Amino acid sequence: MALIEYGFKEESFVTTSIERVVKWARKSAIWPMTFGISCCAIEMMAAGASRFDFDRFGVIFRATPRQSDLMIVAGTVTHKMAPIVKKVYDQMPEPRYVLAMGGCTISGGPFNTYSVLQGVDKIIPVDVHVPGCSPRPESLMYGIVLLQEKIEREKPEVGKLLGRFLTSWRKRNATLPVVSS
Amino acid sequence: MSMFEKISRTFFLPDIQKGLKTTIRHLLKRPITVQYPKERLEAQPRFRGSFRLLLDEEGVEICNGCNVCAITCPVDCITVVREGKGKDSIASVFEINITHCMYCDLCVEACPRACIVMTDFYEEAEYHPDVILDRDALYQGKTPRVFKK
């Protein structure tokens with residue numbers, strides 16, 4: 001029997017209200033994966049400690065890319081480290097965001113040499129750039145506030161999300177077809 | 001042992017009191033967290049934040065476009081174009097790329113006329129990697145956003 005793909009085609013009151021809830025949930029609980037490479041990592045740790053508490057924004061640091069929505073790249077990215085940054089970014093599930101912290105991730109900083117990648121946006125797409133050397137913890141928090149505003153302006157396609165959920169719910173008891181040689 | 005001692009020993013009350021002494025002492029102190037968008041810390045006197053160009057008492061620009069700050073900058077984020085000669089020269093173009101800038105303060109130290117200063121504005125996060133402040137923005141300076149609630 002043919003499998004029907006569910007989906008809400010046009011916008012309605014139901015989908016826009018669900019959109020508001022989804023956007024609010026996404027922006028209030030941003031879980032970053034700390035990718036602290038060098039000095040900016042210290043300021044990131046200071047932002048997470050008790051004087052400037054990141055937990056007030058709903059931000060909890062997760063060490064694994066599989067369960068995080070944001071990747072804070074903090075520190076100079078060298079050519080040796082660049083494939084690792086890309087690999088970890090690929091392991092994050094959608095919706096995912098990247099925050100480039102510090103001058104070195106925006107443009108290589110003062111290190112215009114043969115071994116430093118001049119800006120991490122050459123390998124992964126970056127949403128918010130926070131300049132500074134190192135940026136103050138409040139500056140990083142302002143970067144998170146800008147990211148929250150960006151998430152607020154997005155359009156999560158709730159019709160497609162619901163459709164994918166309902167389709168996978170229908171398939172929950174399916175088994176793989178048996179191939180006999 | 002009195003009845004009171006017997007009961008408190010059964011429920012481990014002296015041990016709980018010994019273990020939670022530090023926690024309860026911290027509960028009764030003032031919290032040290034700075035609630036960032038609503039409260040901000042006082043800026044220290046030599047804090048290196050964003051830039052500002054200065055005018056002198058009559059409102060004339062002090063900067064004469066000598067280019068020393070652009071040469072000193074380790075990241076090459078300042079662009080200065082000089083117009084005129086000698087004492088009457090001014091900088092017709094003065095741009096600083098603030099996302100590339102590393103806020104090291106070398107341009108302020110190098111300026112021979114002390115016309116560039118660093119303010120205490122630190123909220124420079126942007127969506128785009130190349131944000132350039134031109135002359136008018138530098139003469140005006142920036143103020144921090146006000147967050148309600």
Side-chain angles (χ1 to χ4, degrees), chain A residues 39-40 43 46-57 59 72 76 97-113 116 118-122 124-151 153, chain B residues 23 26-27 29-44 46-51 71-78 96-108 118-133 142-149:
Chain A
C39 6
C40 281
E43 295 285 343
S50 60
R51 184 137 167 106
F52 310 98
D53 196 2
F54 245 151
D55 207 358
R56 301 182 287 124
F57 290 83
V59 164
I72 302 186
T76 319
Y97 307 98
V98 176
L99 185 144
M101 178 180 177
C104 293
T105 45
I106 299 180
S107 68
F111 308 116
N112 190 1
T113 71
V116 168
Q118 305 289 306
V120 84
D121 53 0
K122 294 202 181 338
I124 53 181
V126 175
D127 295 296
V128 179
H129 304 261
V130 182
C133 189
S134 308
R136 274 185 80 130
E138 294 107 319
S139 208
L140 180 61
M141 287 182 165
Y142 180 67
I144 297 276
V145 168
L146 276 190
L147 180 67
Q148 286 184 341
E149 291 175 357
K150 184 175 193 179
I151 296 178
R153 286 190 298 237
Chain B
T23 309
H26 277 273
L27 259 184
K29 273 196 208 175
R30 273 194 67 206
I32 59 169
T33 309
V34 177
Q35 306 272 345
Y36 163 60
K38 303 176 219 160
E39 347 171 325
R40 286 156 212 260
L41 286 176
E42 287 280 324
Q44 304 294 321
R46 283 179 283 180
F47 179 66
R48 310 192 304 257
S50 193
F51 295 95
I71 295 170
T72 313
C73 178
V75 193
D76 298 325
C77 62
I78 308 186
I96 300 186
N97 189 338
I98 52 165
T99 43
H100 285 210
C101 172
M102 61 188 246
Y103 300 94
C104 60
D105 213 13
L106 289 176
C107 52
V108 175
M118 300 194 92
T119 58
D120 59 357
F121 179 76
Y122 48 75
E123 296 167 354
E124 290 115 352
E126 301 279 349
Y127 296 116
H128 194 269
D130 275 302
V131 174
I132 300 189
L133 285 185
K142 282 196 193 175
T143 45
R145 260 171 72 168
V146 174
F147 289 95
K148 294 179 289 195
K149 189 186 78 86

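Computed from a predicted structure; not experimentally measured. Reminder, nothing fancy here: chain letters follow the sequence lines and each chain counts from 1.
Taking NE2 from B:His100 and SG from A:Cys104, the interatomic distance works out to 12.0 Å, rounded to the nearest 0.5 Å. Taking CD1 of B:Ile98 as the start and NE2 of A:His129 as the end, the distance is 12.5 Å to the nearest 0.5 Å.
Using a 4.5 Å heavy-atom threshold, the side chains of B:Tyr36 and A:Leu140 count as separate. When side chains are defined from C-beta on, B:Arg48 does not count as touching A:Cys133, because their heavy atoms never get closer than 4.5 Å. With a 4.5 Å cut-off on side-chain heavy atoms, B:Tyr127 and A:Asp127 do not count as touching. Counting heavy atoms from C-beta on, the side chains of A:Glu138 and B:Leu41 come closer than 4.5 Å. Side chains of A:Arg56 and B:Thr33 form a contact here, defined as non-hydrogen atoms less than 4.5 Å apart.
Between A:Gly143 and B:Ala125, the closest heavy-atom pair is CA-CB, 3.7 Å. Taking each heavy atom of B:Pro129 and A:Ile106 in turn, the nearest pair found is O-CG2, 3.8 Å. Between A:Arg51 and B:Ile32, the shortest heavy-atom distance links the atoms NH1-O, 3.6 Å. Minimum heavy-atom separation, A:Pro131 to B:Glu124: CD-O, 3.3 Å.
Contacts between A:Phe57 and chain B at a heavy-atom distance below 4.5 Å involve the side chain alone, from C-beta outward. For A:Asp53, the parts lying near chain B are the backbone and the side chain together; criterion is any non-hydrogen pair under 4.5 Å. Using a 4.5 Å cut-off between heavy atoms, B:Phe121 makes no contact with chain A at all.
Because its NZ or CZ atom is not both nearer than 6.0 Å to the ring centre of B:Tyr103 and within 45° of the ring axis, A:Arg136 does not count as a cation-pi partner of that residue.
Within a 6.0 Å radius of CD in B:Glu42, other residues, nucleotides and ligands contribute 12 heavy atoms or fewer. Under a cut-off of 6.0 angstrom, the local environment of CZ in A:Arg153 is crowded, with over 12 non-hydrogen atoms contributed by other residues, nucleotides or ligands.
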